[in-house]
A.B. asks: 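I am attaching a structure below and will ask some questions about it afterwards.
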Amino acid sequence: MPDTPQPPHQDTRYDFAAAEPRWQQAWEAARCFSVPDVPPAGARKYYVLEMFPYPSGKIHMGHVRNYTLGDVVARYKRARGHLVMHPMGWDAFGLPAENAARERGTHPGEWTRANIANMRAELKRMGLSLEWEREFATCDPEYYGQQQKLFLDCLAAGLVERKESWVNWDPVDGTVLANEQVIDGKGWRSGAAVEKKKLSQWFFAITKFAPDLLDALGELDRWPERVRLMQANWIGRSEGARVRFQLATPVDDTAEVEVFTTRPDTLFGMSFVAVAAEHPLAAAAAARSAEAAAFIAECRAMGTSEVVIEQGEKKGFDTGFTVKHPFTGQEYPVWIANFVLMEYGTGAIFGCPAHDQRDLDFARKYGLSVTPVVLPNGADPATFAVGTEAFTDDGISFNSGFLNGLDVTAAKRAAIARIEELGQGQGVTNWRLRDWGVSRQRYWGCPIPVIHCDDCGVVPVPAAQLPVVLPEDVDFSRPGNPLDHHPSWRHVNCPSCGKPARRETDTFDTFVDSSWYFARFCSPRAGVPVTPEAVDAWLPVDQYIGGIEHAILHLLYSRFFTRAMKATGHVKLDEPFAGLFTQGMVTHESYKGADGRWLYPEEIEKRADGSAIVKGSDEPVTVGRIESMSKSKRNTVDPGAIINRYGADTARWFILSDNPPERDMEWSESGVAGASRFIGRIWRLAQGMSEVATPDEAMGKKLRQATHRAIASVTEALEAFTFNVAVAKVHELANTIADSPMAPLAARREAMEALIRLASPMMPHLAEEVWASFNADAGLVAQLPWLEADPELLRADSVTLAVQVLGKLRGTIEVAVDASDEEVFALAESEPNVIRALDGKPVKKRIHVKGRVVNLVI
RNA sequence: GCGGGCGUGCCGGAAUGGUAGACGGAAGGGUCUUAAAAACCCUCGGCUGCAAGGCCGUGCGGGUUCGAGUCCCGCCGCCCGCACCA
């Protein structure tokens, strides 16, 4: 009988509650995660960043997932010899703080600081390899004061404008919203129907960079395709022409109306001009006719909500004005139409019903002419007609004077050339992207550093007076912006002429705060926005990680802001984020009690048959859909409670193991328990290592080979961001170790050390604990280099080949790796089951793919 | 409507064109225990067979290939984003 290894000690259960804080302190004491603002020459820098949190009060599972993913990358890259910067901060301005102030009478600053303190403590318990020395909050005057400098630099550089414009007004939040913050005609936070208001606002000239923001998307090869497409659609480039139509008789002082079209080749097919309800010509019509005014009011009331669009009803009003065709001189009516948007193009179109579905619907409804001018390939010009479906494909121009016979592309070119010759317009590129309105009528934000003087107009706050600090003594008992009714704050003297003047009381959209924080992290205490040596060395962010919900807003603004900072001499690069990873959401089952109230997961109890009851009662529970965790549905799990019960490593391990990180994951109690079991198993496996009396050398060799295969495959999985696969490979190695009890201790120790080092980016505390138990003086795993697989050990001596007959698996053979084709075929054809499948027939063709498969064709 | 993604056991999922279902979860059975928990062991795509094995199987229908979950063509379904954008 061979001897058997000692069973593990029964009482040495892994005490995560003691171990985790101890290792967190050890990392901090050793300053494992600190890096200099300016890396030493020759350092290979790597900047890992997760989207910084809004300090709402507590961390949620989405944070846990986000920061765990980032931490795996940071720890792995550090082990690979990179100098890794991995900072954390707080996106600390915003409306919830003000709402809390109104509801509970606490100051927004106080509320925010308390939340930050709490969330910082929670994050620290996760054992993240963060460099807390770089921490800041965007509500720190040291931060937002530098932001004010950047704004003034942009103002001087012409990248900021004050414009009177139609804005999106959220009546519930009492503030203006950017276009990006209006979703289906509703405010992104309040859900209130957004109204149109005309206000003077500050705008960042993001449209100046529209071409570059679009073109550069092509270079972002480490961004998800999805995000790039969303941004491309948002920027919305379209080629076309602006065409001015002379009014047959001038209206007031206006002699013409300008339209934008992408189809100048269809000009001969026009039958009307249509303008938006907000267009000046519409206003002129309203001044002349009560009916027109009523129609405009109706349009405004209807808005462009989804429902209205869905019904797709085209409505119009004939103004009675007419325009002359630039080529033919013929006259066409000018309508006001509900489907024409003031925000896009010029707020006016020309209608060519035969080749545009919308125009066709409109023309049919109001009996306007429909003249086809593009002939489908192969169609007969004598009989071709448009019924209820517009022809929008390519074809050949006809009924179109000088354009006849040209294809669409050529006709567009010829039409534009003629329009330009006639001085009636020009070819243009139109963009959907609008300038970024950043004025918000709120208190808890970065003050916009300008002063309004009756004599001097808008005067920038002089650099010496920065930062413009928010006043602390504010009154939230009245509605509106407290800065407006503060007794003294807004009253200042004009820096230019010295007369009494008014401070700007609007604050910045909080998206401004998050548009450059990644740059500030490089030198967070500097007395300038960024120090050139630091940003030049550390930017761009090598790996940025966050939710897909920021695909447009935050990521587009940051791309713009980086360009603006380049234009104002602060940085040298255009793109802030070289790599982007968008994680999926954390979801959970939802539960409802008998009366329909939502229940928290910890309030229910699952029964064996899959049904559920309210804990401690027999009230039945309806198990609802698996959906994104949200407070309103109470399907949330508190990370703090999970860490208390299982430890941080368990939470991290489970969240990584469940599925690929870009997909939505389901948080399940049994899944966490499984992760916890595995951690206990590793600990027992590590503790139970002692030499056996008669080691099995062959088993030892197999174990060593498995160890090195694991090194190779875990490394590959981490590089590919397939952390679930990395977890599976660690499991495999653990299984192999457990199945190799007779291998020499050295081989088992090597395997176990490799296992914890490979798992260390994912479960850093347990890795340290096991490592220390092996050798107390071996230093921290956090400071060890990554393991390299030994190519010798990756090479197996023999391989199992699948043997197929006509592509169907009939058996397997074990052959030497370097076996010749002849040897392999001979062995394959002598395998009993293969012989049966061959059925005595001659083999016509033999295929041998080394190390993989043999296929015999009969 | 436009754009993108995805369809694999009970579930999450794995699989450079080469043994489909690694790994985990759930479930069932067993060992240990007075009992439970923990731990450990076994089973776990379907049909069929005493067994060896055989047949079927990656949404559906075709195709390319010695060989297709993977590549190509055509459908179906689900998810996401955008959308009266001229």
Side-chain angles (χ1 to χ4, degrees), chain A residues 7-8 10 13 184 224-230 232-234 236-238 240 259-263 266 274 276 304 306 308-314 337-341 343-352 356-359 361-362 430-432 548-549 551-552 608 610 626 653-654 657-660 662-666 668-675 677-678 680-681 684 713 716-717 722 724-735 738 800-812 832-833 836-837 844-858:
Chain A
Q10 295 291 317
R13 291 193 63 171
D184 288 343
E225 182 64 17
R226 202 157 59 119
V227 174
R228 292 192 284 167
L229 276 160
M230 281 163 77
N233 289 338
W234 187 265
R237 176 196 156 99
S238 51
V259 306
F260 173 72
T261 178
T262 56
R263 293 296 301 272
T266 64
T304 49
E306 206 169 357
V308 175
I309 295 164
E310 207 95 318
Q311 290 165 350
E313 200 184 346
K314 309 276 176 286
N338 66 343
F339 65 88
V340 180
L341 307 173
E343 308 82 80
Y344 188 79
T346 61
I349 62 159
F350 86 84
C352 175
D356 182 287
Q357 193 58 47
R358 235 181 10 207
D359 296 349
D361 295 345
F362 190 75
N430 193 60
W431 303 86
R432 205 187 84 115
I548 186 76
E549 68 273 19
I552 294 174
I626 295 164
W653 189 255
F654 170 56
S657 69
D658 190 60
N659 68 352
E662 69 276 11
R663 297 195 204 165
D664 289 354
M665 76 162 294
E666 190 195 346
S668 70
E669 195 60 28
S670 66
V672 195
R677 276 201 297 277
F678 182 65
R681 187 163 169 244
R684 284 192 305 279
S713 54
E716 191 187 339
T722 49
N724 56 322
V725 178
V727 164
K729 298 298 178 185
V730 171
H731 267 280
E732 264 181 23
L733 181 56
N735 291 343
T800 308
L801 288 186
V803 182
Q804 302 176 335
V805 177
L806 288 169
K808 274 181 193 283
L809 181 69
R810 294 301 174 188
T812 57
N833 209 43
R836 193 164 5 170
K844 284 192 234 155
K845 190 173 175 183
R846 297 177 171 83
I847 290 129
H848 173 210
V849 182
K850 262 203 187 318
R852 295 279 182 190
V853 79
V854 172
N855 193 8
L856 305 172
V857 184
I858 54 175

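Basis for what follows: all heavy atoms, side chains included, without hydrogens, waters or symmetry-related copies. Chain A is the first sequence line, chain B the second, and so forth, proteins listed ahead of strands; every chain is numbered from 1.
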A.B. asks: Touch check for A:N735, heavy atoms < 4.0 angstrom, all strands: base, sugar-phosphate only, or nothing?
C.D. replies: sugar-phosphate

A.B. asks: If we take the P atom in both B:G3 and B:C73, what is their distance in whole Å?
C.D. replies: 15 Å

A.B. asks: If pairing requires Watson-Crick or G-U wobble contacts with both distances under 3.5 Å, which nucleotide is the partner of B:C55?
C.D. replies: B:G46

A.B. asks: How close or far is atom C1' of B:G25 from atom CH2 of A:W653, stated in whole angstroms?
C.D. replies: 15 Å

A.B. asks: Does the plane of the ring in A:F260 sit parallel, tilted or perpendicular to the ring in A:Y344? Use 30° and 60° as the thresholds.
C.D. replies: perpendicular

A.B. asks: Please name the nucleotide paired to B:G69 by Watson-Crick or G-U wobble geometry with both distances under 3.5 Å, or report none.
C.D. replies: none

A.B. asks: What distance, rounded to whole Å, do you find between the two P atoms, one in B:G61 and one in B:G77?
C.D. replies: 16 Å

A.B. asks: Using the P atom as the point on both nucleotides, what is the distance between B:G17 and B:C23, in whole Å?
C.D. replies: 22 Å

A.B. asks: Under 4.0 Å: is that the gap between some side-chain N or O of A:R663 and OP1 or OP2 of B:G13?
C.D. replies: yes

A.B. asks: So does A:R810 reach the base of B:U19 with its side chain, donor to acceptor, closer than 3.5 Å?
C.D. replies: no

A.B. asks: Please state how far atom CZ in A:F339 lies from atom P in B:A83, giving the value in whole angstrom units.
C.D. replies: 18 Å

A.B. asks: Can you tell me how far P of B:C66 sits from CG of A:L856, to the nearest Å?
C.D. replies: 15 Å

A.B. asks: Would the base of B:C66 count as contacting A:N855 through its side chain, where contact means a donor and an acceptor less than 3.5 Å apart?
C.D. replies: yes

A.B. asks: Taking only the side-chain nitrogens and oxygens of A:R681, find out if one of them lies under 4.0 Å from OP1 or OP2 of B:C40.
C.D. replies: yes

A.B. asks: So what does A:N430 hit on the nucleic acid, given a heavy-atom distance under 4.0 Å: a base, only sugar-phosphate, or nothing?
C.D. replies: nothing

A.B. asks: Could you tell me the separation between the CZ atom of A:R226 and the P atom of B:C6, rounded to a whole number of Å?
C.D. replies: 10 Å

A.B. asks: Considering every strand shown, what is the Watson-Crick or G-U wobble mate of B:C2 when both distances are under 3.5 Å?
C.D. replies: B:G81

A.B. asks: At 4.0 Å (heavy atoms only), tell me whether A:V340 reaches a base, stays on the sugar-phosphate, or touches nothing.
C.D. replies: base

A.B. asks: Looking at B:U65, I'd like to know if its phosphate oxygens (OP1 or OP2) sit under 4.0 Å from a side-chain N or O belonging to A:K845.
C.D. replies: no

A.B. asks: Has A:R677 got a side-chain N or O lying under 4.0 Å from the OP1 or OP2 atom of B:A26?
C.D. replies: yes

A.B. asks: Just N and O in the side chain of A:N724: are any of them under 4.0 Å from OP1 or OP2 of B:A22?
C.D. replies: no

A.B. asks: Can you list the steps and then say if A:F350 with A:D359 is a side chain to side chain contact (heavy atoms under 4.5 Å, CB included)?
C.D. replies: CA-CA 9 Å; A:F350 86 84; A:D359 296 349; over 6 Å; no

A.B. asks: Does any nucleotide pair with B:G74 by Watson-Crick or G-U wobble geometry, both distances under 3.5 Å, and what is it?
C.D. replies: B:C60

A.B. asks: A:H848 NE2 to B:G18 P: how many Å, rounded?
C.D. replies: 15 Å

A.B. asks: Checking only heavy atoms, does the side chain of A:K314 share a donor-acceptor pair with the base of B:C84 at less than 3.5 Å?
C.D. replies: yes

A.B. asks: With both distances kept under 3.5 Å, what pairs with B:A22, Watson-Crick or G-U wobble?
C.D. replies: none

A.B. asks: Does a side-chain N or O from A:R358 land closer than 4.0 Å to OP1 or OP2 of B:G1, or not?
C.D. replies: no

A.B. asks: If the plane angle is over 60° it's perpendicular, under 30° parallel, otherwise tilted; pick one for A:F339 and A:F362.
C.D. replies: perpendicular

